[in-house]
Structures are given as structure tokens and as C-alpha cells.
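Please read the structure below before turning to the comments.
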Amino acid sequence: MFPGLRGPDQERGGPQRRPDRRPPGEPFPGADLRLTPMPDTTISTTRRGVIQRWTATIIPTTREAPTDAEVPSHVLLHRAGFIRPVGAGIYDYLPLAWRSLTKIAAIVREEMDAAGASEMLMPALEPFELFKDTKRDETYGDNLFRLKDRKGRTNALAPTHEEVITDLMKGVLTSYKQLPLNLYQVQTKFRDEARPRAGLLRCREFIMKDAYSFHLTLDGPGGLGDTYDRMFTAYSNIFRRCGLSFKAVEAESGPIGGSASHEFMVTCESGEDTVLTCAASGYAANVEKCEIGARPRGTFQEPPTGDLAEVHTPNLPGIDEVGKFMKVKPDRMLKTIVFRAAGGGGGGGGGGGVPAWVVAVVRGDHDVNEGKVKALAGVDAVALASLEEAKKAGFAVGYVSPRVVNTVPGVRLLIDADASLGGFWASGADKADHHVKHFNWRREVGAALDDPARVIVGDVRNAAAGDPSPRAEGSALATTRGIEVGHIFKLGTKYSDAMGLKVLDDQQKSASVIMGCYGIGVSRTLAAAVEQNHDANGILFPAAIAPYHAVITVMKPDDSRQADAAGRLADALARAGVDVLIDDRDERPGVKFKDADLIGVPVRLTVGDKALDQDAVEFKLRKDTAGKGENVPMSGIVERCVGALNG
RNA sequence: CGGGGUGUAGCGCAGCUUGGUUAGCGCGCUUGACUGGGGGUCAAGAGGUCGGCGGUUCGAAUCCGCCCACCCCGACCA
């Protein structure tokens, strides 16, 4: 027997309204948490699982979700009693959610520590002045939460902590001998999202792990590349241990160039981001970054398909509407987008140097990619031209054609390979409310096509499913949807230079510190796990991040034999490290089974008379949706649970 | 920021067009009885500043004005 086990309920005296019913507040007899005392030793090699009774905590499950919840994770996290809304993009994390979040964070901490990083904590509130040097007060825009204190000073609620930690390091880093260094924190972040949505997937307040590393060199021992690779491995470990199916994809590389940034995407249908993959080579990239393999190009010598014909196309807002009106499919139309080039003076350019305007032409069914436009144009930065300035310069915005390379001064024309082909094209007519049919490159644009300073053919659009792979000849790219749960990034000296973070190197010369940053959306990871692991009945948590590993469903909690068996079972499981939730509610079995499915605990153990008569309990896995459960003898139940949870 | 929509009990909704007793329904909640292995049955209850402010009127959930909050699509964004 178990020493210290108290007798059944009936032995206790005192007035009871009904002898067979526990009054509120009375402990569930079998679940005395002090059956096995926590060890007094400081160092423990075994972790004891927790035991919680359903009636002693709060798990407000509901049959219906609020109407505004649309994506599965939002609906289920609400229905299963994990979260409740407080304001737009702000949520309470109830006990079940907090247990899962704590487990995710614990995995993150273990892997970060193992990779040589040190945890610390910075404030969420920071003086607004910190953002001045890096100009993020402007570039971050309205997404930066600002608030005034009683003295009228503006403060910010941190969206990330590059400025705070760079400022901190300015005071403590003096020598290259202190490098490399990698510091991280798990903390609440704030971003004043224009449109928070989808429950925990896009919040204004959310939990994030952010890490920052510091180096003297890009490569070599102790260099940024070294830590970056370690973080890549740590992130892979973290999401694998969380039980998630994910992809590491190449992302926009920023100031360093090359493969200086990876996003970790949990793959699932409802993901907001598009990921392109090549099965043959293993290449994966997000839509902003994804390269496209070799594509055929036009010669600009193809014959016209007919006489240029102008069509009146009034009040048609988009390319699809124009196409329908003209009876032309979007993939036979040219979309011409006007960008302002950085540093381009009005009227200049055109013959090398910096052009004033960069005009990109893609097929109507394709999307222009700003990063590719910038790269192909060979300029520092591009920005979509504002309506007024473009009109002033002579662009018929909305009806621009490639002919502007000859009519507007300072234009560098970038033509996507697919748009450079011959055949029938429709295009803008360079005047309001008009388009043209039978656009022909040679006839309409002429000699400018032969001037490499004015016209460049290349890749300026987002990759799409079916495009040739950039890494494996003959294979095509495929698209999947994903949720970005992690991002690792080589910052370079962007922040250290902006804020003056330098150390002395071994030549006693002042050197800019090279930085990397590494983020994981902890609360988003919880939501992503639910997006990826659910069925019609509720959540199916991976064991590593489930709030409890096992739920013991007690059929008759007021029956002393059942209560006692549940208590002993819970205790034995806890000793083996299993976190146990005992459903001791006086509810009908159907309610309890439905709720157990809903909250997604991986293992369900049902304690009822039928099984107990054989000294057994019913064992059922949440993912085994069809099965009816299996009677497992008491003597083997712990082993069975542990095996299932580790397996 | 542009377009669309919704605010009535913890949740989901009706009532509003055509102003008029005490504002209803389902789920949930409380009490009791019967039940007891996949959201049970019956009975009796509790629970509402009808988003806010102002206006019209003898009288406003209902009509008018302003404001606020929230959601969806887009833009933007880690």
C-alpha cells in the first residue's frame, strides 16, 4: 500500500447535506498531493509530475466559440478553456494555456542554454529616445506602441530589444576577448498591429523569446556564422522537440546578403505565409526570397500579333476586371509598376548611375517582388512611387505601359523573363481609362530594348507553384502554407554602427561589433501547434507541450473505490514524471469524454467499475479516435503511459 | 488607412422594418428528483445600465445624431 494514504471519505465526520456527495471545497480523497513529498535535495535527477484536480482549477470549456473566432486554433483554444479575449489582440492565458506555454519555454531555454546562450531579462518599457539612432521610431511606424508618462516623456513598449541590448552592451563590452556572446530572454512583446487577428497567431501582446549575439568577425571561430549555425541547430531541435512539423526556409537576408536569414515555418493550411519548396534539392524559401530557376526569355524580335488597338476601359479597379472586360486572360497582360529609386534625382539617370525611376513589368497574373526589383535595378532602395509624384512625372498611374522608357526621363525598365516573351499582349495605354491590345515589344518600345542601361530582362517577381527550381534542373517549385514561429537573422553592424557599439580588437583598433538576432514566437507556437494538430473533436497536443500528459476520467468521483484508485494511479504516474489531470467533476461521462478530447491531453485513463473489477483501467490515446479504449492492468499502466508518451 | 459588418444574460442568437404591459429563446449556471460509459430527463430558479452620450416623443432595445468597442476582406507587418 501507499504509506500516508488517508482513509476513504466516509471516515471523516462533520455535517454533510448528502452522505454520498462531497461538499464544495472538500479535497478529492484520493488526490492528496502530499502522498509523495517533494524531495528536499537541491539537485534532482528525476522530475515528479504534477497532479491537478479539474474541480480545483479553472477549465472553462464551451460548446460554442465566439463568432469572431474563425481559424481552428482560435476556436479550439477558446472552447477548450485556454484563452479568453481581453481586448483586440490581447488575451488572458488561463491555467491550461500557461502550462503549455511554460513547457514550450522550457524547451526553448534548454536548447538555448545548450547552445551556449545566457538568459537575462530586459524591461518591456523603454525610453523612446533609444529608437532615435536606429530610426526605428520611423521605420517601425505605428506598430510601435507609444505612451506618455506623468512627466510627459514618450516611452515605447518594446516590439523587440535590439536597441536596449545594444545600449546595454555599449556600457559593458570593451574588448574582443568578451566575444562571442549570446544573450536571450523570454518576455512579453508589444506591437500595435493594424489588424490583430486569428487569436494567438497575430496579437498586440505576445510572448517571444529573443536572442542577440555579438561577434568580432563574420566567419571563423567565434564568428557570427558560427553562432548562426548553432542557432539553426537549436531551433531545429526546439521545434522537433515540440512535436511540430516544420520547415526552415530562406528568407529576406537584409544588410548582410547571402543566406543570412532563415524563417522556421510550421506547415499547415491556415498559415499566413507562402513557402516554396523544391522536392528534388530540398531548397525552401519564403515568397519574398525565393529564386526562380532558368526561364526562357523573349528575343524582342517576335512579330506583332496584330495592329495596336486602344480599348476604353473606364472604372475598372484591378487587372482582373480589366481582363474580363477586354476578354483577355491576366497571363496575357503586362502589369507595369512604377518605383522611385533611392537617391535618384528628378530627371537624371537613364545612362547608367542611379535612375530616377525603376519601372518593373510582369505578367498580369504575377506579383512584383520589391527585393528583386532593387537587386536587378542595381540601386540601394526602391519604394512604390506615390500617386502624386508619379503623375507629376508623366506616368498615367494604373494605365502605364513599358513605353514610358521612351517618354519619361530617367526610367530604367525591368522586364520579367515571362513578360519579355513574344505573342499577344495587352497593356496600359499610358492614358487614363484606356488599355491597348496587340502590344509588341519591338514595335512599341524600339531601340531602347537594346540599351542595357535602360532595359534589363531578369527575375523581378514572386515565385509561384510550377516555376522551375533554382537548385535542381528539371524540377518545379511547389507551394505550401506556413506559420512563422521562428526567425534567425544576421544583423551585421546595422545596430552597432547606428548606436556606436565598438570594442578594441587584438591590434588595439576600434572595431564595430557584428550582431545576430534570433526570435521565437512562444505564444504563436502554441497556436501553431493547435493549427497543425486538431480534429473535429478538439486539440491533439504533442506530448511535449500538452498541458497535462494524462487525464484520469473518474466515472463516479463520489464512489470511494474509484476515487481511491484514481488517486493511487495519479500518484504512481506522477512519480514517473507524468503530469496528471484528474477529472473529478460530478458530470455525466459523455461530458467528461468530450472535454478530454477537446483539451487534447494525449492519454486518457478511465476509472470505472467495469475495469476496476478486473483491477484494471481503461487506456486510450487521444489520437486513436476510432478505438474504444483498452483495459490495462493497474500493475502495467504506468509503463504503458510512459511508453506511449515517449513514443 | 480603404471597403464591409456587428454590439441585447457567461456563450450563441431573436425582437428593431411598423416605438406601447414585466425584453425573449437555446446552451451554460443554481436547487431538487430521476438518471449514470460519448455533451441525459423533468420541475423550480438566478442572471440584463439592450455598447456609450445626446436628441425626438406622453413613452425608445426599436427613430435621429455623435462617439466608442469589436470582427471580416484588403493595405501594412516578425
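Each chain gets a letter, A, B and so on, in the order its sequence line appears, and its residues count up from 1. Below, all heavy atoms of this structure are taken into account, side chains as well, without hydrogens, waters or symmetry copies. Values in this document were obtained by computation on a predicted structure and should not be read as measured data.
- The listed nucleotides are B:A78, B:C11, B:C29; the one nearest the side chain of A:Glu587 is B:C29.
- Base pairing of B:C63: its partner is B:G55, meeting the Watson-Crick or G-U wobble criterion (both donor-acceptor distances under 3.5 Å).
- Residue A:Ile58 contributes atom CD1, which lies 15 Å from atom P of B:G10 at whole-angstrom precision.
- Residue A:Ala194 is in base contact, counting any heavy-atom pair closer than 4.0 Å across all strands shown.
- The aromatic ring of A:Phe489 does not sit over the base of B:A78; the criterion of centres under 5.5 Å apart with planes under 30° is not met.
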Enumerate all atom pairs, one protein N or O and one N or O from nucleotides 38-45 of chain B, separated by less than 3.5 Å.
| from | atom 1 | to | atom 2 | distance (Å) |
| --- | --- | --- | --- | --- |
| B:G38 | O6 | A:Arg604 | NH1 | 2.9 |
| B:G38 | O6 | A:Arg604 | NH2 | 3.1 |
| B:G38 | N1 | A:Asp597 | OD2 | 3.0 |
| B:G38 | N2 | A:Asp597 | OD2 | 2.4 |
| B:G39 | O2' | A:Arg63 | NH1 | 2.9 |
| B:G39 | O2' | A:Arg63 | NH2 | 3.0 |
| B:G39 | O6 | A:Arg79 | NH2 | 3.2 |
| B:G39 | N1 | A:Asp595 | OD1 | 3.1 |
| B:G39 | N2 | A:Asp595 | OD1 | 3.3 |
| B:G39 | N2 | A:Asp595 | OD2 | 3.4 |
| B:G40 | N9 | A:Arg588 | NE | 3.4 |
| B:G40 | N7 | A:Arg588 | NE | 3.3 |
| B:G40 | N7 | A:Arg588 | NH1 | 3.1 |

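- Contact annotation for A:Gly519: no contact, since no heavy-atom pair falls under 4.0 Å across all strands.
- Taking atom CZ of residue A:Arg195 and atom C1' of nucleotide B:C1, one finds them 13 Å apart after rounding to whole Å.
- B:G24 is paired with B:C13 under the Watson-Crick or G-U wobble criterion, all donor-acceptor distances under 3.5 Å.
- Figure legend. B:C70 is base-paired to B:G5; pairs are counted as Watson-Crick or G-U wobble with both atom distances under 3.5 Å.
- A:Glu484 comes within contact range of the sugar-phosphate backbone alone, with a heavy-atom separation under 4.0 Å but no base atom that close.
- For the C1' atoms, the distance linking B:U62 with B:G51 amounts to 16 Å, nearest Å.
- Between A:Lys556 and A:Gly89, the residue anchored nearer the 5' end of RNA chain B, judged by the nucleotide with its closest heavy atom, is A:Lys556.
- Taking 4.0 angstrom as the limit, A:Arg191 places none of its side-chain polar atoms (N or O) nearer than this to OP1 or OP2 of B:A78.
- B:C13 and B:U30 have their P atoms separated by 24 Å, with the value rounded to a whole Å.
- Pairing for B:G19 is absent, with no Watson-Crick or G-U wobble pair whose two atom distances lie under 3.5 Å.
- Of all nucleotides listed (B:C29, B:C71, B:G26), B:G26 comes nearest to the side chain of A:Glu64.
- When each of A:Gln185, A:Arg109, A:Lys209 is checked for a side chain to side chain donor-acceptor pair (under 3.5 Å) with A:Glu119, only A:Arg109 meets the rule.
- Between the side chain of A:Arg604 and the backbone N or O of A:Arg622 there is no donor-acceptor pair closer than 3.5 Å.
- Listed for the A:His161 side chain is a donor-acceptor partner under 3.5 Å among the backbone atoms of A:Pro123.
- If you check every strand for non-hydrogen atoms under 4.0 Å, A:Thr606 touches a base.
- With rounding to whole Å, A:Asp586 atom CG is found 16 Å from B:G28 atom C1'.
- Donor-acceptor pairing under 3.5 Å, judged by distance alone, is absent between the side chain of A:Glu272 and the base of B:A78.
- Here B:C71 presents its C1' atom at 15 Å from CD1 of A:Ile90, a figure rounded to the nearest Å.
- Between the CG atom of A:Asp273 and the P atom of B:A78 there is a distance of 11 Å, given to the nearest Å.
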